[in-house]
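Step one of this worksheet: look at the structure below.
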Protein chains: 2
Amino acid sequence: MLNNSQYIEKLRSSGLRPTKQRIKICEVLFNTEKTFHFTINELVKKISKSTNDKISLATVYNTIHAFKNKGYLKEIPINSDQSYFDTNTSHHHHFYDESQRDLIDIDEADVEPVKIYTRIPGKKIKSVEVLVKVEDDKS
Amino acid sequence: MLNNSQYIEKLRSSGLRPTKQRIKICEVLFNTEKTFHFTINELVKKISKSTNDKISLATVYNTIHAFKNKGYLKEIPINSDQSYFDTNTSHHHHFYDESQRDLIDIDEADVEPVKIYTRIPGKKIKSVEVLVKVEDDKS
DNA sequence: CAACAGTTTAGAACAGTTATAATGTAGAAA
DNA sequence: TTTCTACATTATAACTGTTCTAAACTGTTG
């Protein structure tokens, strides 16, 4: 929930030029009460609903990748024909309802911290992500 | 580690006609000491190395999906431009080294069972998968 | 063996994503 | 403010993994 000048500052401070496309995308992504999940396709629709100046698809992809690299977005590891992103960059996990193709946050407090008793020599852990797949309970 | 007649039986008992393509794919996938991970591309190469009769790409896709549906393979949820499959269908988790694009099993005993204290009403849990992303440790 | 449903096949089609190269623009310097 | 330049945007082409199509083939059943 920031205003434009704060997005401009945020972009500039991370070495991204605050273009009007990037500011608009910031608004769509971050000017919300709650965080949310999205695919590029859904984001494009959301953008076009909220502005008359269309943003090209390539720019959306570029911007999302830039934001992901800067840590403003997380990509959610999931088997899907398209990539899912999350505006919630805090440490948390997900339910995935494959039938509805619906992603739901699992609050960090609702998952016992995952302990891993083995390591890969020479590598350090970057992230630990839990994906809980659910299906309709017909019992 | 089965011989052909056992694969024929396995296929037939799950309602899949034991065609020579499927039997060959069974051999490549299951006639090994250790389980392994693969992409369709890698599998196609493996198949063509081990036989002179080429199997069409469409058949490989069909067969892998059939095997996955029958529970002979698991798909590994990962953000990648291609799907990863695992011949190890027991419950276990993975390290993913993004720089090498390399998947490594985490033995079930090496992960504290993941406890989830929340549920989605009307849905039951189908699987719980942990993906640990690692990177080179430059410290 | 005949008949049929299931399977394989090559290639076309498709969807998501990335690359290209021309045009535009933010920011710095004069 | 004007000029300059590196960075961004754009439309579109290209690319990649996967799915579809429809014709030919084959395992199974009677």
Side-chain angles (χ1 to χ4, degrees), chain A residues 4-5 7-26 28 37-48 51-70 72-73 75-85 98 101, chain B residues 4-5 7-26 28 37-48 51-70 72-73 75-85 98 101:
Chain A
N4 284 9
S5 64
Y7 293 134
I8 290 171
E9 200 35 56
K10 178 177 175 162
L11 289 166
R12 229 192 296 263
S13 70
S14 53
L16 297 173
R17 278 193 191 164
T19 62
K20 66 176 184 308
Q21 291 85 348
R22 285 172 175 167
I23 294 164
K24 170 48 76 183
I25 293 172
C26 277
V28 173
H37 310 122
F38 63 92
T39 62
I40 297 291
N41 223 326
E42 290 165 356
L43 179 60
V44 166
K45 282 181 200 156
K46 221 164 183 172
I47 291 168
S48 61
T51 184
N52 293 316
D53 316 339
K54 100 178 257 298
I55 298 179
S56 104
L57 185 60
T59 300
V60 177
Y61 273 100
N62 288 341
T63 302
I64 292 312
H65 287 146
F67 285 8
K68 184 193 160 192
N69 290 336
K70 295 299 178 186
Y72 301 156
L73 291 173
E75 193 169 358
I76 304 170
I78 218 175
N79 292 127
S80 173
D81 46 354
Q82 56 202 313
S83 295
Y84 277 83
F85 296 90
E98 277 180 323
R101 295 178 145 240
Chain B
N4 284 10
S5 64
Y7 292 134
I8 291 173
E9 199 36 54
K10 178 176 174 162
L11 289 166
R12 228 193 297 264
S13 71
S14 54
L16 297 172
R17 278 192 191 166
T19 64
K20 66 175 184 308
Q21 292 86 347
R22 285 172 176 167
I23 294 166
K24 168 49 75 183
I25 293 173
C26 277
V28 172
H37 311 122
F38 64 92
T39 63
I40 297 291
N41 224 326
E42 291 164 355
L43 179 60
V44 166
K45 282 182 201 157
K46 221 165 183 172
I47 291 168
S48 60
T51 184
N52 293 315
D53 316 340
K54 102 177 254 300
I55 297 179
S56 105
L57 185 60
T59 300
V60 177
Y61 273 100
N62 288 342
T63 302
I64 292 312
H65 287 146
F67 285 7
K68 182 193 162 193
N69 291 336
K70 295 299 177 184
Y72 301 156
L73 291 172
E75 193 169 358
I76 303 170
I78 217 175
N79 291 127
S80 174
D81 46 354
Q82 55 202 314
S83 295
Y84 278 83
F85 296 89
E98 277 179 323
R101 296 177 143 240

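For clarity, every value in this text was computed on a predicted model and none was experimentally measured.
Atom P of nucleotide C:dG16 and atom CZ of A:F38 are separated by 15 Å, given to the nearest angstrom. B:D81 has its CG atom 11 Å from the P atom of C:dA19, to the nearest Å. A:H65 places its NE2 atom 10 Å from the P atom of C:dA19, with the value rounded to the nearest Å. Distance B:F67 CZ to C:dT7 P: 11 Å, rounded to the nearest Å.
In this structure, the ring pair (Phe, Tyr, Trp, His ring centres under 6.0 Å) partners of A:F85, at least two apart in sequence or on a different chain, are A:F38. A search for side chain to side chain donor-acceptor pair (under 3.5 Å) contacts involving B:Y72 returns B:S14, not counting sequence neighbours. For A:Y61, the ring pair (Phe, Tyr, Trp, His ring centres under 6.0 Å) test picks out no residue, with sequence neighbours left out. With sequence neighbours excluded, the residues forming a side-chain contact (heavy atoms from CB on, under 4.5 Å) with A:K46 are A:V28, A:F36, listed by chain and number. Under the rule for a salt bridge (charged side-chain N to carboxylate O under 4.0 Å, His left out), the partners of A:K68 that lie at least two apart in sequence or sit in another chain are A:E75.
B:T39 comes within 4.0 angstrom of nothing in the nucleic acid, heavy atoms only. The residue B:L57 sits close to a base: some heavy atom pair falls under 4.0 Å.
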Report all side-chain donor-acceptor pairs from residues 16-23 of chain A shorter than 3.5 Å, counting only partners two or more places apart or in another chain.
unit_1: A:T19; atom_1: OG1; unit_2: A:R22; atom_2: N; d: 3.2
unit_1: A:R22; atom_1: NH1; unit_2: A:R17; atom_2: O; d: 3.0

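With A:T51 contributing its side chain and A:I47 its backbone, the two residues share no donor-acceptor pair below 3.5 Å.
Taking side-chain N and O atoms only, A:Y61 has a distance below 4.0 Å to OP1 or OP2 of C:dT17.
Pairs passing the salt bridge (Lys or Arg N to Asp or Glu O under 4.0 Å) check and including a residue from residues 76-85 of chain A, sequence neighbours excluded, read A:D81-A:R101.
Heavy-atom nearest nucleotides on DNA chain D were determined for A:I55 and for B:S83, and the one closer to the 5' end corresponds to A:I55.
In the 5' to 3' direction, nucleotides of DNA chain D lying under 4.0 Å from heavy atoms of chain B begin and end at D:dG17 to D:dT28.
Of all non-hydrogen atoms in A:I25 and A:V60, the two that sit nearest each other are CD1-CA, 4.3 Å.
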Next on the checklist: What does the B/S/- profile of nucleotides 20-30 of chain C look like, 5' to 3', with a 4.0 Å heavy-atom cutoff to protein?
Outcome noted: ------BS---

